Colleague: 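After the structure tokens below, expect a handful of questions from me.
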Amino acid sequence: MSALREILDRIEAARPPGGSPVRLLAVSKGQPVERIAALAAQGQRHFGENYVQEALVKIAALAGRGLVWHLIGPLQSNKCADAARHFDRVESLDRAKLVPLLAAARPADLAPLEVLVQVKLDDEATKSGARPAEVPELCRLVASEPRLSLRGLMTIPRPDPDLAVRRARFADLKALFDALRRDFPSIDTLSMGMSEDFETAIAEGATEVRIGTALFGPRPG
Ligand SMILES: *Cc1c(COP(=O)(O)O)cnc(C)c1O
């Protein structure tokens, strides 16, 4: 069985009865174009990249195949224009300053750029993500921009060895997601869970999981 089939089966098996469908985002950072093309040939459409420069080469090389590109790495203001022009979705918006930069650079002939707000649930000063208290205002700003489409929340919890701790963080994000959905009806995506904990994240309500190594094997280099 292919690695893709195996992951898709595990995602399906982890879904709570009656739960929403869960999208697989294949995290292709560090992977060469040929490996992405091979997964695309097996039917995988959504790919996640961390670095804008690295991604631009791949997006150009694989143009015309109907792939959907998500930026999941930390977003810097000097990369906003390239991100808005070449990605379909940005999952790592974490500060107000970036909102007008993304909106202004989104080309008029493309659909609005889909945006997830990245939330920081553990109090680590160095890690990117907005604090939960800042999230409603960020959502309001994104929703007010016609060239942006607010779609949901993303988080990367601290890789605590105790899965119960990560499960509690996922539940925290799900509660925030449910609360925001009442004010922002366009919100439909809860992106949480990676290779080591995606089944736990799905049990707590993830609608998208971001998987790299469990799909591609260890990253080269
Ligand atoms: C690298 C990365 C992933 C995938 O991590 P794996 O452990 O390889 O599955 C998911 N999300 C983000 C934001 C990442 O940077």
Side-chain angles (χ1 to χ4, degrees), residues 2-11 13-14 22-33 35-36 38-39 44-56 58-59 67-76 79-80 83 87-95 98 102 114-122 124 126-131 135 138 151-163 165-167 169-170 172-174 177 189-221:
S2 73
L4 176 61
R5 187 70 258 158
E6 192 178 315
I7 294 290
L8 290 173
D9 287 350
R10 282 174 65 189
I11 289 173
V22 178
R23 166 192 289 153
L24 168 62
L25 181 61
V27 175
S28 47
K29 64 174 171 223
Q31 303 293 348
V33 166
R35 299 224 42 211
I36 302 172
L39 269 194
Q44 177 63 26
R45 283 188 66 222
H46 291 263
F47 290 89
E49 288 281 338
N50 287 59
Y51 308 101
V52 173
Q53 275 343 99
E54 175 186 336
L56 292 188
K58 299 176 180 179
I59 293 171
L67 303 185
V68 182
W69 295 94
H70 302 227
L71 179 64
I72 60 172
L75 186 57
Q76 286 132 22
K79 295 287 177 356
C80 280
F87 281 84
D88 301 286
R89 183 174 278 224
V90 167
E91 300 205 357
S92 45
L93 179 80
D94 66 351
R95 51 198 192 280
L98 307 179
L102 290 171
E114 299 179 344
V115 174
L116 305 190
V117 173
Q118 183 177 350
V119 186
K120 172 169 57 180
L121 297 163
D122 311 286
E124 288 173 57
T126 56
K127 219 174 51 189
S128 44
R131 292 169 195 286
V135 173
L138 264 179
R151 299 303 294 269
L153 304 179
M154 183 271 252
T155 198
I156 314 171
R158 190 157 52 83
D160 197 293
D162 183 353
L163 213 53
V165 173
R166 286 193 230 179
R167 179 183 290 273
R169 293 291 84 79
F170 291 145
D172 290 344
L173 195 69
K174 173 68 157 86
F177 175 75
T189 305
L190 182 55
S191 173
M192 58 184 193
M194 321 203 301
S195 290
E196 294 212 324
D197 54 18
F198 70 90
E199 282 140 323
T200 305
I202 292 170
E204 295 302 329
T207 70
E208 175 184 282
V209 291
R210 308 178 309 269
I211 301 185
T213 45
L215 191 55
F216 287 101
R219 282 181 272 278

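Each ligand, and each atom within it, is numbered from 1 in the order the structure gives. Since we're looking at a predicted model, the values are computed, not measured.
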Colleague: Under a 4.5 Å cut-off applied to non-hydrogen side-chain atoms, are I59 and F47 in contact?
Modeller: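 No. Closest side-chain heavy atoms not under 4.5 Å.
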Colleague: Going through the checks in order, is the side chain to side chain contact (heavy atoms under 4.5 Å, CB included) test met by L190 and K174?
Modeller: CA-CA 7 Å; L190 182 55; K174 173 68 157 86; 3.7 Å; yes
Colleague: Could you check atom 13 (C) of ligand 1 against the protein and tell me its nearest heavy-atom contact, residue, atom and distance included?
Modeller: I156 CD1, 3.5 Å
Colleague: Does E196 come within less than 4.0 angstrom of ligand 1, counting non-hydrogen atoms of the residue?
Modeller: no
Colleague: Of all heavy-atom pairs between L25 and E208, which one has the smallest distance, and what is that distance?
Modeller: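 That closest heavy-atom pairing would be CD2-OE2, 3.6 Å.
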Colleague: Looking at every non-hydrogen atom in both residues, tell me the closest pair between R210 and I72 and how far apart they are.
Modeller: CD-CG2, 4.1 Å
Colleague: Of K58, Q31, K29, which is the lone residue that meets side-chain hydrogen bond (donor to acceptor under 3.5 Å, both in side chains) with E49?
Modeller: K58
Colleague: For atom 9 (O) of ligand 1, grab the closest protein heavy atom and report residue, atom and distance to one decimal in Å.
Modeller: S195 OG, 2.5 Å
Colleague: Which pair of heavy atoms, one from L8 and one from L24, lies closest together, and at what distance?
Modeller: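 What the structure gives for the nearest pair is CD2-CD2, 3.9 Å.
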Colleague: Looking at I211, which atoms of ligand 1 are within less than 4.0 Å of one of its heavy atoms?
Modeller: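 Going through ligand 1 atom by atom, the ones under 4.0 Å from I211 are 9 (O).
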Colleague: State whether the side chain of D88 and the backbone N or O of W69 hold a donor-acceptor pair below 3.5 Å, judged by distance alone.
Modeller: yes
Colleague: With atom 14 (C) of ligand 1 as the reference point, say which of M154, R210, M194, K29 has the nearest heavy atom.
Modeller: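 Looking at heavy atoms only, K29 sits closest to atom 14 (C) of ligand 1.
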Colleague: For ligand 1, which atoms, with element, lie under 4.0 Å from some heavy atom of I72?
Modeller: 11 (N), 12 (C), 13 (C), 14 (C)
Colleague: Identify, by atom number and element, the atoms of ligand 1 in contact range of G212, meaning under 4.0 Å from any of its heavy atoms.
Modeller: 4 (C), 6 (P), 8 (O), 9 (O)
Colleague: Need the ligand 1 atom indices (1-based, order shown) with element for anything under 4.0 Å from a heavy-atom of N50.
Modeller: 14 (C), 15 (O)
Colleague: Does ligand 1 come near enough to A214 that some N or O of the ligand is less than 3.5 Å from an N or O of the residue?
Modeller: no
Colleague: Does even one non-hydrogen atom of E91 get within less than 4.0 Å of ligand 1?
Modeller: no
